[in-house]
Structure formats: structure tokens, C-alpha cells
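First comes the structure, then the notes that go with it.
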Amino acid sequence: MIEIKVPELAESITEGTIAEWTVKTGDAIEKGETIAELETDKVNVEIKSDFSGVIQELLAEPGDNVVVGQVIAKLGEEGASAASEAAPKEEAPKAEEAPKTEPAKEATPAPVAEEKKASKSRTVASPAARKKARELGIDLDEVSYRDPMGRVRVEDVEAHNQAKNAPKAAEKPAASPSKPAATAPAQDDTRVERIKMSRRRQTIAKRLVEAQHTAAMLTTFNEVDMTAVMDVRNRRKDAFFKKNGVKLGFMSFFTKAVIGALKSFPLLNAEIQGDEILLKKFYDIGVAVSTEEGLVVPVVRDADKLSFAGIEKEIGDLGKKARDNSLGLKDLQGGTFTITNGGIFGSLYSTPILNTPQVGILGMHTIQRRPVVVDDNDTVEVRPMMYIALSYDHRIVDGKDAVQFLVRVKQLLEDPEDLLLEG
């Protein structure tokens, strides 16, 4: 019998949650074949078998937490499944002989019991749900579930039990007028849905709270006249796409502007390690991407060495991988500074939270046409304006540097020629 264990994942990841099995007991698999998908704090990882054979036993269910090195499945040789299937067939004649020595009514319970065992083995349920079902005397096959993966949970068992007992409570209204109050919780339960947080959502929640508890976080704001950037983009976008095969977006402009500002204010490209400041002389820019599972921050490596087209391609590739849930751990590790764009959802103003251990994050927002004074003669024009926000760790970044950093970003965006010279 071969044991399949949870493999080493990454230095900072020691456990995960079984998202789903791609095989079932009795399946023949080949070496290198994926048998399960493991959800970790950052990404989903495919667990592959290092051996060929037949799945004899799955030792964890979808939703169960497992640690690195834990045995999650057992694999046997191909002949093992055939032997296990032959055993029930040999017992069949004995079942037919039973009526000769015992009454028919005593022979029938055995097949019924076997059917129940077989049906229960097909029901996917958490250990807690199975225990609750045993306590309440409920057959799991009769329980309706809300989990999209088909797994029965404790709340499903409780809801089934309440629905099962509701008619009994309704039969006694005349005898005891106070009884109807007992049915109220069952009615209230239909108005509330409990959804277990995914491992990734739990991690996001934990990291956001940690950031607020460990960093002296402060946010400063400014606004950018996007006229020049939009003019360059509108004039060059067709030629840019024809030459590079990728659209010219705003993210490449902001990434270049951020890198130019980081070079002038290096403390925003640093982190705190104990009582030391670690200054990073490279520019790995994280770009926040929203997915169904929550926010992830893939990293554009050495962004200062990439062209506008290179940045747009890298951001596009990482965004697609994030939405397809195919990001690797290396795509998320590291990062020296983060950019997040709430403007794509219509946000006008926000205070982004630090992506620790980084000490700076730039928030972009929606572009809104507003009247602004554009020269010394107090001429007022309607311009496309964007509010930008910089959240920073005040422990190592002073307010003066933070404000000047944001002003530098503004200057570079409002003068694309200066931005190109910086690049």
C-alpha cells in the first residue's frame, strides 16, 4: 500500500484545505496525475501522485484542513481493486441459502443494511455533520445541502431536523398556546444563511487586521489632472496595440510614475525587520486584482526594467491567471510596493490598507470631470481629474516624504515627457 502525502508547499505555508478530489475510491491513476486540489492561504495547489495504481482510500474530505506531510490517500496496485470487487460476488450464494434455514423476514435486513452503508459512503459530509446526524438519528442521504461542492455540513443537518420536527410542533397549537413560539427559530433560520469563510478569505481578513495592528498607518491624498495621459493614450493606443498586441492602459503610466517617485523617496520601497530598515534597490510592484475568492496581489518583477508594453503584458497575464485561479506561489511572493485601483468599480475616494510588510500602497480612483483652475489667470476649465491616495507606515516614513512622494507621482503623470525621461 502506497501512502500519498501533502507535499511541501512553500516556506511560509504549512497547511491547506482540501478544495476537491479529482478522483474517487477505485479509480486507476497514472504517475503525475492530479488527484486533489488544495486551497492554501494564497493560491490553490494541485496535488499529484508520484506513483501509478488504484485509489484504495481517501483519508480526508473536501473542506478538511490538512498539514504538510499528512497522509491523505492510499494507493494500491491495479489488481487490488479487482480483488475487492470479487469478494461481494462470492457471498451472493450464501444470501440465497438463507431462506432454507431462516424465515424470509430475517434474511432481508442484511441487504438493507448494506444498502444504507453504501449510500452513506456516497454522501460527502464533514465529520461534525456525521456526528450530529448520528445523535439526531438522521439519514445523511435525506439531508439537502447548500454547499456548491455537494458537501453536507452541520447546519444542513440541523435545518433538516427542524424541518422534520416542524409538523409535530404544529399539531399541538390548541393544547398549548405558548408552543407556536418554539417554531419561530425555524422560520427565522430561513432568513439567515451561514457561509463558511474560505481559507483565502480568512487569510485576507487576518492580514488586514494585522496591518492595522502592527503598522502606524496614515493616508495622504492628492489629485491628478489626467488630461495629458488621456491625450497620449488616445493618440497612440491604436499604433501601440498594432505594434505590441496589447492595449495601452493607465496602469503602465502609474507604474512608471510610482517607480520614478520611489527612486526619489526610497524609504517607501523598504520594510521593517526587527529594529532594522531593509532598503530594497529593486522594484517589484504588486498590482491588486479582484477575484471571486477575494483580493490577490500578483507581482510585476523588475518593473523598472520593463517598457510600457512589457508592463501592460505582465499585468494582463497576471490578471488572467488570477481570475482563472492559476496563480503560482512565486507570482504572489515578495513585492516592494503595491498599486490598487478602486476606480474600476467606481470608487471616488478611499484609504487603502497596507500590504504588509510593505510600507506603502497607492490607491487609484475613478476619473471624474470637474471644474479646475488651470493657469495663473484663474481660468476655469472642466478637466478629467482623479483622486489618488497614499497609505504609508509612519514608523519609518515621515509625513513630509509621503506628501512629496505623492506630489512627485502627480507631476510625472501630468507631464508624460518627464515620465518618459524618468523611465
Side-chain angles (χ1 to χ4, degrees), residues 203-226 250-251 253-290 294-297 299-300 303 332 334-368 370 372 385-414 422:
T203 301
I204 291 171
K206 179 181 177 182
R207 286 176 60 84
L208 292 177
V209 172
E210 284 179 352
Q212 291 184 312
H213 286 176
T214 60
M217 195 158 52
L218 194 63
T219 304
T220 185
F221 303 91
N222 212 315
E223 62 178 353
V224 178
D225 184 346
M226 296 293 290
F250 292 121
M251 286 305 301
F253 287 94
F254 274 86
T255 301
K256 285 290 187 181
V258 161
I259 292 169
L262 288 174
K263 290 178 178 179
S264 300
F265 301 93
L267 281 177
L268 279 150
N269 200 52
E271 70 175 77
I272 297 176
Q273 289 188 355
D275 58 356
E276 296 180 333
I277 296 174
L278 182 66
L279 284 175
K280 300 173 184 178
K281 299 182 179 181
F282 57 95
Y283 303 92
D284 289 352
I285 307 301
V287 180
V289 178
S290 178
L295 197 70
V296 292
V297 188
V299 178
V300 178
L332 300 168
T336 62
F337 188 93
T338 294
I339 302 174
T340 180
N341 184 7
I344 59 176
F345 303 111
S347 173
L348 182 65
Y349 217 65
S350 70
T351 55
I353 297 178
L354 289 173
N355 181 23
T356 54
Q358 297 171 21
V359 297
I361 179 172
L362 179 75
M364 300 166 56
H365 300 90
T366 192
I367 298 173
Q368 187 180 65
R370 297 195 299 272
V372 293
M385 305 298 293
M386 176 192 286
Y387 289 117
I388 54 176
L390 173 72
S391 291
Y392 59 97
D393 192 339
H394 213 338
R395 291 179 298 171
I396 64 171
V397 180
D398 293 334
K400 173 189 171 187
D401 288 343
V403 170
Q404 289 183 331
F405 172 93
L406 207 55
V407 169
R408 185 59 181 148
V409 170
K410 170 185 170 70
Q411 292 171 344
L412 290 169
L413 289 168
E414 291 183 343
E422 283 286 341

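The structure displayed is predicted, hence computed values, not measured ones. Throughout, numbering of the chain's residues begins at 1 and tracks the sequence.
Using the six-membered ring where Trp is involved, F405 and F265 have ring planes that are perpendicular, over 60° apart on the 30 and 60° scheme.
With respect to Q358, the side-chain hydrogen bond (donor to acceptor under 3.5 Å, both in side chains) criterion is satisfied by exactly one of N269, T338, T336: T338.
Between R395 and D393 a salt bridge is recorded (basic side-chain N to carboxylate O distance below 4.0 Å).
Heavy-atom minimum distance, K410 versus E223: NZ-O, 2.8 Å. In this structure, D398 and H394 approach most closely via the heavy-atom pair CA-CE1, 3.9 Å. Pairing each heavy atom of I353 with each of A211, the nearest pair is CG2-CB, 3.9 Å. Across every non-hydrogen atom of I396 and L267, the tightest pair is O-CD1, 3.4 Å. Closest heavy-atom contact between A402 and T220: O-CG2, 4.1 Å. Annotation for H365 and S350: closest pair NE2-OG, 2.6 Å, computed over non-hydrogen atoms.
The closest donor-acceptor contact from the side chain of R207 to the backbone of N355 lies at 3.5 Å or more, if one exists at all. Side-chain atoms of S391 come within 3.5 Å of backbone atoms of P352 as a donor-acceptor pair (strictly under, hydrogens ignored).
In this structure, I367 and F250 have side chains that are in contact, with non-hydrogen atoms separated by less than 4.5 Å. Looking only at side-chain heavy atoms (C-beta outward), F254 and N341 stay at 4.5 Å or farther from each other. I259 has its side chain out of reach of F337: every pair of non-hydrogen atoms, C-beta onward, lies at least 4.5 Å apart. Between N222 and L390, the closest side-chain pair of non-hydrogen atoms is not below 4.5 Å. Counting only heavy atoms from C-beta outward, the side chains of L218 and Y392 approach each other to under 4.5 Å.
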Determine whether V287 and V300 satisfy the following criterion, side-chain contact (heavy atoms from CB on, under 4.5 Å), listing intermediate values before the conclusion. CA-CA 7 Å; V287 180; V300 178; 4.2 Å; yes
Evaluation steps, side-chain contact (heavy atoms from CB on, under 4.5 Å), between Q212 and L208: CA-CA 6 Å; Q212 291 184 312; L208 292 177; 5.8 Å; no
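Once rounded to the nearest 0.5 Å, the distance linking CZ of F221 with CG of L406 reads 9.5 Å. Here the NE2 atom belonging to H213 is positioned 12.5 Å from the OG1 atom belonging to T356, to the nearest 0.5 angstrom. Atoms CD1 and OG1, from I361 and T340 in turn, are 5.5 Å apart once rounded to the nearest 0.5 Å. With rounding to the nearest 0.5 angstrom, the CE atom of M386 is 11.5 Å from the CD atom of Q368. Remark: I339 CD1 to T255 OG1 distance equals 4.0 Å, nearest 0.5 Å. Distance CG/L413 to CZ/R408: 10.5 Å, rounded to 0.5 Å.
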Do any side-chain atoms of residues 272-283 form donor-acceptor pairs under 3.5 angstrom with protein atoms, and if so which ones, sequence neighbours left out?
unit_1 : atom_1 : unit_2 : atom_2 : d
Q273   : NE2    : E271   : OE2    : 3.3
K280   : NZ     : E271   : OE1    : 2.6

